[in-house]
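Lettering of chains follows the sequences in order, A, B, ..., and the numbering in each one begins at 1.
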Protein chains: 2
Amino acid sequence: MILVNGRENSHINVTDRGLQYGDGLFETIEVIEGAPVFFQVHLQRLAEGCSRLKIPFPDINLLIHEVELVCRNAPHAVVKIILTRGPGGRGYSQPVSIQPTRIISLYPFPDYPANFAQDGVAAIFCVTRLGINPALAGIKHLNRLEQVMARSEWSGPKFQEGIMLDVNGNVVEGTMTNLFYIKDSLVHTAPIISSGVAGVMRGIVLKSLSDLGLPLIEREYGKEELLCADECFFCNSVIGIWPILRIEDVTFTKGAFTTLLQDKINALKQVDSGNA
Amino acid sequence: MILVNGRENSHINVTDRGLQYGDGLFETIEVIEGAPVFFQVHLQRLAEGCSRLKIPFPDINLLIHEVELVCRNAPHAVVKIILTRGPGGRGYSQPVSIQPTRIISLYPFPDYPANFAQDGVAAIFCVTRLGINPALAGIKHLNRLEQVMARSEWSGPKFQEGIMLDVNGNVVEGTMTNLFYIKDSLVHTAPIISSGVAGVMRGIVLKSLSDLGLPLIEREYGKEELLCADECFFCNSVIGIWPILRIEDVTFTKGAFTTLLQDKINALKQVDSGNA
């Protein structure tokens with residue numbers, strides 16, 4: 001089921017600025033028993049993205065209603081919200097009256113093998129680099145060519161995720177995930193200041209670390225540092241946490257921090273989806 | 001008139017990667033008496049963009065036919081070609097079989113006053129900076145949030161264009177134009193290596209300079225250097241060349257180089273559109 005501005009529809013007008021310029025935002029949310037997980041956190045990030053891009057945020061009750069309508073019969077799925085600046089004329093100038101477009105689509109939950117989360121995955125370093133632009137960093141906007149190009153660098157089952165560096169050589173994130181590593185009992189992740197996406201699951205990991213009284217070191221680091229980690233993992237809203245078993249030829253073991261965070265996040269998910 | 005994959009249609013599927021990720025390219029072309037001006041150069045750039053993004057280039061004769069069909073009755077207009085990677089599933093992975101979407105739309109020619117080209121325009125420096133990413137620099141792709149944000153910084157008739165610096169403080173281009181300046185009889189422009197669009201009109205200015213035996217200096221420069229120029233101008237495929245009369249509080253006069261290039265490009269346009 002796809003709702004476009006509240007109506008069942010699978011098409012948008014070609015004048016929509018989401019198509020013309022990638023002028024919009026999106027959220028990708030796990031659905032369990034008809035309920036979008038961490039929905040309030042996703043809505044909060046969407047609102048922040050709207051604020052930064054100056055896209056009027058839609059009526060919150062209308063949006064929640066539409067998402068719930070799309071999700072209601074899904075035992076386990078992914079719901080994607082796209083919010084664009086709506087239709088416009090040619091040229092970058094925004095229309096005087098912005099009428100954002102809401103697109104809410106349900107997708108099957110991806111059939112990742114259970115052992116990706118239990119045992120871990122393999123990753124490569126992507127050649128495609130993330131650009132440096134603080135004005136867009138953190139926002140889950142529709143300008144995603146860097147990720148598209150990075151994801152095209154491998155295919156097949158040998159690797160499950162690609163690690164992206166910025167143009168200065170700092171490790172930032174995975175193509176579809178954020179990335180954490182643990183060294184000497186300290187958890188590290190890249191700051192999302194110059195590039196990268198401030199993932200909802202990244203935010204939940206940060207909060208979980210704080211709740212558990214575990215300090216986080218948020219600073220720039222290079223690939224050599226990552227390869228010396230005691231443990232490391234990817235995270236996003238759909239996969240949760242995937243331990244990293246191997247980055248190219250360097251192997252890792254799933255460690256106690258990763259397991260602790262997985263347990264914590266699974267518990268939070270149960271509470272959030274009303275299944276605790 | 002709008003053609004989507006050869007059919008008169010004003011809608012695309014919401015699964016199109018042009019919408020989902022800005023995964024595509026565009027060209028904006030002046031139309032004179034039904035003929036797209038510098039059409040071969042635009043097609044060449046579109047093909048280069050496809051090559052860099054690994055989007056299959058459509059059948060060239062089909063594309064030309066569709067563009068000509070859309071333009072044929074237009075005395076003076078703008079035709080926009082959007083080419084996306086086509087429909088796809090959720091996630092950055094490309095579909096195994098890529099079926100690009102062709103969208104060809106006719107727009108009225110913008111009603112810029114004639115004195116913009118004759119006498120010149122006023123510009124501001126935008127606060128929004130261009131990111132640094134060599135992998136995407138030069139390509140006229142659909143990831144245009146930087147330009148959208150920059151163009152939103154002013155409204156009304158006081159300024160006609162905004163000048164964009166990159167995050168390192170180098171002057172790169174206008175929001176919808178490339179930028180040249182002349183100092184001591186030497187023409188300067190920014191290289192399009194780390195950011196910016198390699199405009200078709202920029203290419204035609206470069207070729208015209210070469211034809212006229214005028215050397216070009218292509219190197220990074222800052223705003224202070226621009227403000228000391230003897231003359232400067234914006235260019236793109238729709239406006240041609242606009243002399244710059246004022247950047248914020250600093251005034252300029254339209255100079256001999258700008259006039260010479262305008263005359264040269266007008267002559268090339270006449271030849272290209274078969275009206276010489």
Toward chain B, the part of A:Val14 with a non-hydrogen atom under 4.5 Å: both
Part of B:Pro110 lying under 4.5 Å from any heavy atom of chain A: side chain
Chain A contact via B:Val167 - side chain, backbone, both or neither, heavy atoms under 4.5 Å: side chain
Chain A contact via B:Ile2 - which portion, at a heavy-atom distance below 4.5 Å: side chain
Under 4.5 Å from any heavy atom of chain A - which part of B:Ile103: side chain
Region of A:Ile82 in contact with chain B, defined by heavy-atom distances below 4.5 Å: side chain
Any idea which donor-acceptor pairs are under 3.5 Å between chain B and chain A?
residue: B:Ser10; atom: O; partner: A:Val14; partner atom: N; Å: 2.9
residue: B:Ile12; atom: N; partner: A:Ile12; partner atom: O; Å: 2.9
residue: B:Ile12; atom: O; partner: A:Ile12; partner atom: N; Å: 2.9
residue: B:Val14; atom: N; partner: A:Ser10; partner atom: O; Å: 2.8
residue: B:Gln20; atom: OE1; partner: A:Lys80; partner atom: NZ; Å: 2.5
residue: B:Tyr21; atom: O; partner: A:Arg144; partner atom: N; Å: 3.1
residue: B:Gly22; atom: N; partner: A:Leu142; partner atom: O; Å: 3.3
residue: B:Lys80; atom: NZ; partner: A:Gln20; partner atom: OE1; Å: 2.5
residue: B:Ser93; atom: OG; partner: A:Arg151; partner atom: NE; Å: 3.2
residue: B:Ser93; atom: OG; partner: A:Arg151; partner atom: NH2; Å: 3.3
residue: B:Arg129; atom: O; partner: A:Asn133; partner atom: ND2; Å: 3.3
residue: B:Ile132; atom: N; partner: A:Ile132; partner atom: O; Å: 3.2
residue: B:Ile132; atom: O; partner: A:Ile132; partner atom: N; Å: 3.2
residue: B:Asn133; atom: ND2; partner: A:Arg129; partner atom: O; Å: 3.3
residue: B:Asn133; atom: ND2; partner: A:Glu146; partner atom: OE2; Å: 2.7
residue: B:Leu142; atom: O; partner: A:Gly22; partner atom: N; Å: 3.3
residue: B:Asn143; atom: OD1; partner: A:Arg144; partner atom: N; Å: 3.1
residue: B:Asn143; atom: OD1; partner: A:Leu145; partner atom: N; Å: 3.0
residue: B:Arg144; atom: N; partner: A:Tyr21; partner atom: O; Å: 3.1
residue: B:Arg144; atom: N; partner: A:Asn143; partner atom: OD1; Å: 3.1
residue: B:Leu145; atom: N; partner: A:Asn143; partner atom: OD1; Å: 2.9
residue: B:Glu146; atom: OE2; partner: A:Asn133; partner atom: ND2; Å: 2.7
residue: B:Arg151; atom: NE; partner: A:Ser93; partner atom: OG; Å: 3.2
residue: B:Arg151; atom: NH2; partner: A:Ser93; partner atom: OG; Å: 3.3

Counterpart residues, side chain to side chain contact (heavy atoms under 4.5 Å, CB included), relative to A:Ala137 (two or more places apart): none
Over all atoms of both residues, closest heavy-atom pair of B:Leu19 and A:Gly18: CD1-C, 3.7 Å
Heavy-atom proximity to chain A below 4.5 Å, by part of B:Leu145: both
Chain A contact via B:Met176 - which portion, at a heavy-atom distance below 4.5 Å: both
Region of B:Val78 that comes under 4.5 Å of a non-hydrogen atom in chain A: side chain
Per-residue contact mode, B:Ile139 against chain A (heavy atom under 4.5 angstrom): neither
A:Ile132 portion near chain B, given a 4.5 angstrom heavy-atom threshold: both
